Amino acid sequence: MAEQVLRHIPVMLGEAVEGLAVRAGGRYLDGTFGRGGHARAVLSRLGPDGRLLLMDRDPTAIATAQAEFAADPRVSIRHANFSSLADWDETAAGLDGVLLDLGVSSPQLDEAARGFSFMADAPLDMRMDPTQGESAADFLARADEREIADVLWIHGEERFSRKIARAIVQDRAERPLTRTGELAALIERVVGRREPGKHPATRSFQALRIQVNGELDSLKQGLESALDRLNVGGRLSVISFHSLEDRAVKLFIRDHSGRVQGSRRGPPVAAAPARLAAVGKAQFPSDAELAANPRARSAVLRVAEKLL
Ligand SMILES: C[S@@+](CC[C@H](N)C(=O)[O-])C[C@H]1O[C@@H](n2cnc3c(N)ncnc32)[C@H](O)[C@@H]1O
């Protein structure tokens, strides 16, 4: 059987790369290579002395990067979580820009065997890096009812989180929950179809994915490391797809931008010196992009520049 080629349409490509203000001789890091849409655009702006460092925690994404870019002397590639970017000696010389295009790629969603989707029956995995950590099935087998409910509520804003968690714990006493199809059917049985055009398992699947991949902790650690490694004048360009991610990015920029801290009622707390400045406001995909690529619908881009 011919191998299916799964593609990813890069989201807010022009805006995100514009945000990096690429200089031909600069040194840039794309922490979420995916299928390289943004990386290719950065590379096209680099001259012979420019450098592009590529990371992804998904081995399949890294294999694509190796196949396309390994021969380019300007490019270095590393299979790792971007939260560990400061451990990569290639970043020690400082960076002029860091791009993070968060969440999952279309190939990850579309390859049923990865277990991210309720649209096809497959092992309930959901790890971006299947060589590490616990799968969604392992998490659902281990966690107690309260922890499962909290994950569905906090990461998915699932109103029926408690009902779903109770059903999971009851069902798993009979037999383990190991398939995406079983989990999707359980959720449909418990909550029924309620939002038109939206499968009842959408929120729970997203919540489990965020949990299994520790996405919010990786983001927070990655932002801190990026700020440490950025040169003065260097840019951070981050696309998020979930309100919790966008909130983390927004607060990170605000907390490092020298604004006075503390509550209205308490004594004013001296502001720490500003290390970052937001560049413009949050940006959203254009109507034309949304019409061409519905998967861009929840995207938010924030850009910041390092001051200190
Ligand atoms: C939205 S896609 C990026 C698409 C890419 N910009 C493109 O145009 O093809 C997100 C990618 O980031 C990777 N990823 C998500 N979180 C990561 C993390 N903490 N560290 C490294 N890679 C991560 C995923 O494996 C996925 O390949």
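Computed from a predicted model, the values in this text were never measured in an experiment.
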Should [X] and [Y] count as side-chain neighbours, where that means a heavy-atom distance under 4.5 Å?
X: V22; Y: D96; value: no
X: L29; Y: M55; value: yes
X: L183; Y: L140; value: yes
X: H38; Y: Y28; value: no
X: F205; Y: M126; value: yes
X: I9; Y: R295; value: no
X: I239; Y: L100; value: no
X: Q108; Y: T60; value: no

When you measure from the side chain of [X] to the backbone of [Y], do you find a donor-acceptor pair of N or O atoms at a distance under 3.5 Å?
X: T180; Y: A122; answer: yes
X: H8; Y: R35; answer: no
X: E305; Y: L276; answer: no
X: H155; Y: V151; answer: no
X: D144; Y: E147; answer: yes
X: E182; Y: R179; answer: yes
X: N213; Y: E215; answer: no
X: S240; Y: H242; answer: no
X: R229; Y: A86; answer: yes
X: R127; Y: G133; answer: yes

Separation of [Y] [atom2] from [X] [atom1] (nearest 0.5 Å):
X: S237; Y: L99; atom1: OG; atom2: CG; result: 5.0 Å
X: F69; Y: L54; atom1: CZ; atom2: CG; result: 6.5 Å
X: I210; Y: F241; atom1: CD1; atom2: CZ; result: 12.5 Å
X: Q206; Y: L152; atom1: CD; atom2: CG; result: 11.0 Å
X: I148; Y: L208; atom1: CD1; atom2: CG; result: 8.5 Å
X: Q211; Y: S204; atom1: CD; atom2: OG; result: 13.0 Å

Around atom [atom1] of [X], are there more than 12 heavy atoms from other residues, nucleotides or ligands closer than 6.0 Å?
X: R247; atom1: CZ; value: no
X: Q283; atom1: CD; value: yes
X: E188; atom1: CD; value: yes

Side-chain ion pair, R162 and E145, N-O less than 4.0 Å: no
Are [Y] and [X] linked, directly or through intermediate hydrophobic residues, by side-chain heavy-atom contacts shorter than 4.5 Å (ILVMFWY only)?
X: L219; Y: L227; answer: yes
X: L301; Y: L20; answer: no
X: F33; Y: L236; answer: no
X: V249; Y: L230; answer: yes
X: V190; Y: I168; answer: yes

Polar contact flag, side-chain donor to acceptor under 3.5 angstrom, N81-S218: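 Yes, a side-chain donor-acceptor pair sits under 3.5 Å.
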Q221 side chain to S225 side chain, donor-acceptor N/O pair below 3.5 angstrom: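 Note: Q221 and S225 side chains meet the donor-acceptor criterion.
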Side chain to side chain contact (heavy atoms under 4.5 Å, CB included) evaluation trace for V232 with L308: CA-CA 6 Å; V232 169; L308 189 72; 5.7 Å; no
Non-neighbouring partners of K198 that pass salt bridge (charged side-chain N to carboxylate O under 4.0 Å, His left out), sequence neighbours left out: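 With sequence neighbours excluded, K198 shows a salt bridge (charged side-chain N to carboxylate O under 4.0 Å, His left out) to E195, given in chain and number order.
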For R114, all residues meeting salt bridge (charged side-chain N to carboxylate O under 4.0 Å, His left out), sequence neighbours excluded: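 R114: salt bridge (charged side-chain N to carboxylate O under 4.0 Å, His left out) contacts with D58.
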Verdict with reasoning, R175 to D171, per salt bridge (Lys or Arg N to Asp or Glu O under 4.0 Å): CA-CA 7 Å; R175 63 190 176 99; D171 280 24; over 6 Å; no
Chi angles and distances behind the salt bridge (Lys or Arg N to Asp or Glu O under 4.0 Å) call for R275, D255: CA-CA 9 Å; R275 296 186 72 200; D255 290 350; over 6 Å; no
Worked verdict on L102 versus F82 for side chain to side chain contact (heavy atoms under 4.5 Å, CB included): CA-CA 10 Å; L102 302 169; F82 60 63; 3.6 Å; yes
Worked verdict on R7 versus S106 for side-chain hydrogen bond (donor to acceptor under 3.5 Å, both in side chains): CA-CA 7 Å; R7 298 185 192 286; S106 294; over 6 Å; no
Chi angles and distances behind the side-chain hydrogen bond (donor to acceptor under 3.5 Å, both in side chains) call for S135, D125: CA-CA 5 Å; S135 68; D125 192 316; 5.2 Å; no
Pair listing, salt bridge (charged side-chain N to carboxylate O under 4.0 Å, His left out) test, anchored in residues 77-93, at least two apart: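 Of all non-adjacent pairs touching residues 77-93, those that pass salt bridge (charged side-chain N to carboxylate O under 4.0 Å, His left out) are R27-E90, R51-E90.
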Trace of the side chain to side chain contact (heavy atoms under 4.5 Å, CB included) decision for W153 with D150: CA-CA 5 Å; W153 172 245; D150 285 350; 5.6 Å; no
Candidate pair F252 and K220, rule side chain to side chain contact (heavy atoms under 4.5 Å, CB included), full reasoning: CA-CA 8 Å; F252 180 79; K220 287 173 189 163; over 6 Å; no
